[in-house]
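Read the structure below first, then the notes.
Numbers restart at 1 for each chain; the letters A, B, ... are given by sequence-line order, proteins then strands.
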Amino acid sequence: MAVKRSTRATDIGDDEADVPLQAVLLADSFAQQFRPITDERPKVLLPLVNVPMIDYTLEWLASAGVEEVFVFCCAHAKQVTSHLEHSRWTSQSNFTVTPIESRDCVSAGDALRVIDQRGVVRGDFILISGDTVSNMSLKEVLKEHQERRKKDKLAVMTMVYRRCKPHPLIYQTRLGSEQLLLVVDPSTKQLLHYDSLKEAGGRESTKQQTLARQVVLERSLLADRPAVQLCSDVQDCYIDICSPEVLLLFTDNFDYQHLRRDFVRGLLSDEILGNKIHTYEIIGDYAARIDNLRAYDVVSKDIIHRWTYPMVPDIRFASPETGIKIGRSNIYKEDGLVLAPTTIIGPSTVVGSGTSISDNTIIRNSVIGRGCTIGSNVVIEGSHIWNNVTICDNVQIRHAVVCDGVNLKARAIIQPGVVLSFKVVIGEDFTVPAYSKISLVLQRHEEENSDEELEYAEAASGVTGSSPSPLYDGMNGSQTDDGEETPQSPRWDPLQVGLGGAGYKWSTGQDDEWRHSVAPIPPEKIKEIVAREEEAELEDAARDMTTSSRKDNVEEQPEDDDDEDADEEDDSLFFDKEVEALFSRAVTGESSAENVVLEVNSLKLAYDRSFSDCAGAMFRALLNLAAQGPQTTSRELLQNTKQVLLQWGPLLRRFLKHQDDEMEVLLVFEEICTEDKKEYAPVFASVLQELYDKDVISEEAIIAWASEKQHGDEADKIFVKQCERFIQWLQEASEEDDEGGEEA
Amino acid sequence: MVATMPDVLPLVDDFCTKLNRRQVEGSLDTAKLALVLLRQVISAQRIPPNASAGVLIDAIKTVGVRMIAANPIELAVGNIVRRVLHIIREEDASLATTVVSGVTVAVDSDDEDNLDIREQASSHAVAAANRNVLRAPSLHNLLESNPSPVKADVTVASTGDSTDTKSRSGDKNSRSWKLKHNVIESINIMLNELQEYHLQVAEQALEHIHQNEVILTLGRSRTLLHFLLGAKKKRSFQVVVAEGSPRYQGHKLAKELTAEKLSTTLITDSAVFAMISRVNMVIVGAHAVMANGGVLAPVGLHMVALAAKRHAVPFVVLTGLHKLCPLYPHNPFTLLNDMKSPSEVLDFGELSDCLNGTTGGAESHVFNPTFDYIPPELVSLFITDTGGHNPSYVYRLVAEFYSPEDIVL
């Protein structure tokens, strides 16, 4: 055995062979996404393609060379420990699973504090939650982590992430999590910034969301680094390689609750201790955490499509007693299955043993558990049917989760996104509306303090009436105590579950259920989001204009590091608008000319413009102002323009640092005449002369402009022709000057 | 049955877990490990006095079934289990005749000198004899219903063995101990053969590869590398290597061949048909050879075999005898393919936005099968460590190395 152990250690590249590789597995997600199911059974025991989630995690840890796993149980601790006792994990050599129970933890932070108190963790450990499916090799990441640790004791944690493109419109990954933004130093792989573009649905948050897409980075992050890498197409795998110091940090900072929100951000912002987090990107391997129902659905499909190889249904790692045969296009049939000849089993489907399916039933893209009875003419699509479910004739189920022991009476229709918890009965001809959740356990209405941390841990201790334990026994298939949970009392509302049904409907209180449900996102929702987004963007633009114009200080301008939105055209439009707004305030006397100069300068910095851009925008504003005055003929217009130029010419002059700037003004003028304000077209020459007279524009600029236009096509030359005489005069004058100069 | 050998049980568990997790792969490695494990099982198994080989056979069967179930696609495990069973049966049968001949020896023990010589017979001689028992049953034997009247030369060896045993093991139950001893000896020989089979195959290279020929292959196999290098000693020829997507083992082979100064050309799998007309012979490795002469080989080889057939290029398969599987490919309980993770074909991140049906659209799927089944009519020749064979001769090989009663475990 000693020999074995040492070979194991070399397997994983561990230098200190005497310290076994340890892992801390949190068998409680401290989240409520899976309620009401999790009120009766802990999330880690929910079947994922007919195998409890925790078995995927444990199998991965075992095959990756982890020798000691501490399973931290909180909610439904009894169920978790009894599952572990009866599993094969206890009998494996070189792999020990030790449950740690604690009843009063409400967050991952608490859990880690308890583990620290126990003092069981001796070296580097892997921190993972019990709902992670992965097949990645830990060898390399451990090696990197340990090498870093040798050089730098402050590198306390290595975070694993994976590339995953988020949805371009709704900003969530396929796993239903929010888009994430990581800022990483590409040379050291150190994590500098961790931000999730959080959103909660509804109009308000959409605005915030757009806001959040502008990321503010501390200047110090950029100061001494040649480069930083911003990744917005990544997915956090929630697999962390931690040093023992991490536990100490949790103990020291008793307010750390959430692993990412509190701990990671706390560590990143804390510059005194200087602890560092590093990142590791997995390429090729699979890793995903199931933290909502969409992730549950997506990961199920990935397992069926074998991305998680060798953790696929036909390789029985957890319960090798029955075989599963894989057919073409990923159809998995377990032994001991009764199928009617007319049954159609579509692609990407798993059917468990002991299930019988009658005539003309169609099953596609679904997972059917063990011991189910499915009637004839049933349609099941994209759904997750767990064990011992009874489905009568002509039932239709699309994109739903149906838990153990559910009974669907004839002709019931289950619409997309529905969750039917344990032993719910749906009456005949009843249609369960989309996204509803039904459970035998009554929803407790004390969620006003809907703090995310008060998880089902509390929910579990709170549930006493409807007795979750007999339900759990039912899942084991040992005995079903009918007397207890199908009382004939009329406490079930037929409007919720149909006649003869059983169950309470849970109100979710959120209208963005579609984001995290098992059902595909309806296209109209996406359209809605896009429309909302556009609206919000416009509002944003307006708001930006006012807020930034109020700013008096250059330093206060946010550094706009968000490169993805750098839309040049929009920017220049905003810039022009803002300059105009500034200018109009100066005209109305709200601010002095001096302030205008200052603010235009700051805008110039903010939008990264040149002086010529400023001058152009300024000139545009000038002409707009002139055109606003009372005018009917071009003569009056010219008069107005002259006045405006007289008053504001000097201001404009301040932005004309160079001949090119002056030319830019002329070009803008041309543009205005041809596009926005056609009324200026006839007086072009006169205005030009006025500009010359007022010393706004020098003769060199005009001549240069004219000569440049010489080579343009006819359309471009309209204004040059109009000013031909003026230009000629200018040229002659300058020649004379030159000659005079020479003579002198 | 397994309960009687608690010492090896953890080892069996460990091996099964490794198989299940696909941590042991490749038929040679698997075969070696399985054989070593079975040897341990046999040596740990206590055989009650005067019991027949049945106990041993049952023990091997129990362990074997578990190992096969742990990774049914690794057919080498099943092959090794069946061959060990065959060895036990053969040894048992030869022992039965030895007892008879032992008696005869005891009766007319005038031939003292002869006996001495027999006693000195090294284990090598015994091994050779055993090998003869295993290797070359005459057609006459095969046709006979009972496996066994063993010929004179075997009797000699066995007698030597029996006396040897007597001198060493005093009070031990001689017959069962002898059986065990003989079986382990045979297994050791088999292990040696496994370790050296590719050298034996390589020795035949000169007979098949001629000067200035162009050889095409796909992917990489160790046997193939040795074979080509064996031919290189005396001949100069060209090798065209198809890369063998998606594992691209061909790249590695091309590097290795170039390092040995063999003229090598690397092509994509899709260019095979374009190249085949210039090729004199296709030589490939295999994952398993089925009882009908069909071959399980890395994916892409069926295509190569068809191309070779089209241009009448000989398609030669190099294989060790541990890859010879007594099952038929149309057996519904035989798993002929393994679908690996699609990530070898395509990086997950690349496709992650169109992989999900979350937006209601159709999903794109990626498949990654590991093996191709090549029907026997496309194979021209098998080169094994015992020489070249036609696909139609494979059933004879199967009959030689496996007992019919073990084919269904």
Side-chain angles (χ1 to χ4, degrees), chain A residues 1 4 11 59 62-63 88 91-95 135 162-170 172-176 233-235 282-286 294 297-298 301-302 305-312 314-317 320 323 325-326 328-330 347-348 365 382 399 519-523 526, chain B residues 7-25 65-74 246-247 332-370:
Chain A
M1 199 52 71
K4 275 254 151 232
D11 265 1
E59 166 70 17
S63 61
R88 59 188 272 257
S91 62
Q92 281 217 335
S93 55
N94 292 329
F95 188 66
N135 62 359
R162 191 175 77 147
R163 273 194 198 276
C164 186
K165 289 178 196 161
H167 193 284
L169 297 175
I170 54 174
Q172 71 179 42
T173 60
R174 55 200 291 278
L175 291 177
D233 57 345
V234 294
Q235 174 199 317
I282 31 178
I283 296 162
D285 288 342
Y286 187 88
R294 174 166 312 285
D297 181 58
V298 167
K301 287 192 174 133
D302 289 344
H305 291 152
R306 308 179 79 80
W307 289 97
T308 56
Y309 186 93
M311 272 162 257
V312 289
D314 57 321
I315 299 180
R316 308 311 312 277
F317 49 87
K325 284 261 166 332
I326 174 174
R328 278 184 193 273
S329 63
N330 292 327
S348 309
N365 279 318
H399 305 290
I521 297 165
I526 292 177
Chain B
D7 330 347
V8 286
L9 205 56
L11 294 179
V12 175
D13 280 343
D14 196 50
F15 184 62
C16 287
T17 322
K18 274 191 179 157
L19 277 177
N20 200 339
R21 288 180 185 151
R22 307 297 194 256
Q23 285 171 337
V24 188
E25 282 190 307
V65 166
R66 283 188 58 198
M67 294 201 305
I68 292 168
N71 186 356
I73 186 62
E74 200 58 85
R247 276 163 276 277
F333 298 103
T334 317
L335 192 64
L336 288 182
N337 218 336
D338 196 11
M339 308 293 286
K340 291 248 166 110
S341 167
S343 62
E344 284 177 342
V345 182
L346 187 82
D347 182 31
F348 192 85
E350 287 294 313
L351 204 65
S352 55
D353 48 348
C354 56
L355 261 178
N356 52 342
T358 51
T359 42
E363 292 179 44
S364 51
H365 295 172
V366 186
F367 284 101
N368 181 15
T370 316

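- The structure places CH2 of A:Trp307 at 5.5 Å from CG of B:Leu346, a figure rounded to the nearest 0.5 Å.
- Nearest heavy atom pair, residue A:Ala62 against residue B:Arg21, reads CB-NH2, 3.1 Å.
- Across A:Asn330, A:Asp314, A:Ile326, the residue that shares the most heavy-atom pairs under 4.5 angstrom with chain B is A:Asn330.
- Taking the side chain as every heavy atom from C-beta outward, B:Met339 and A:Val312 never approach each other to under 4.5 Å.
- Looking at heavy atoms from C-beta onward, B:Asp338 lies in side-chain contact with A:Arg306 at the 4.5 angstrom threshold.
- With chain A as partner, the option from B:Ser341, B:Ser343, B:Pro342 having the largest number of non-hydrogen pairs under 4.5 angstrom is B:Pro342.
- The OH atom of A:Tyr309 sits 6.0 Å away from the OG1 atom of B:Thr370 when rounded to the nearest 0.5 Å.
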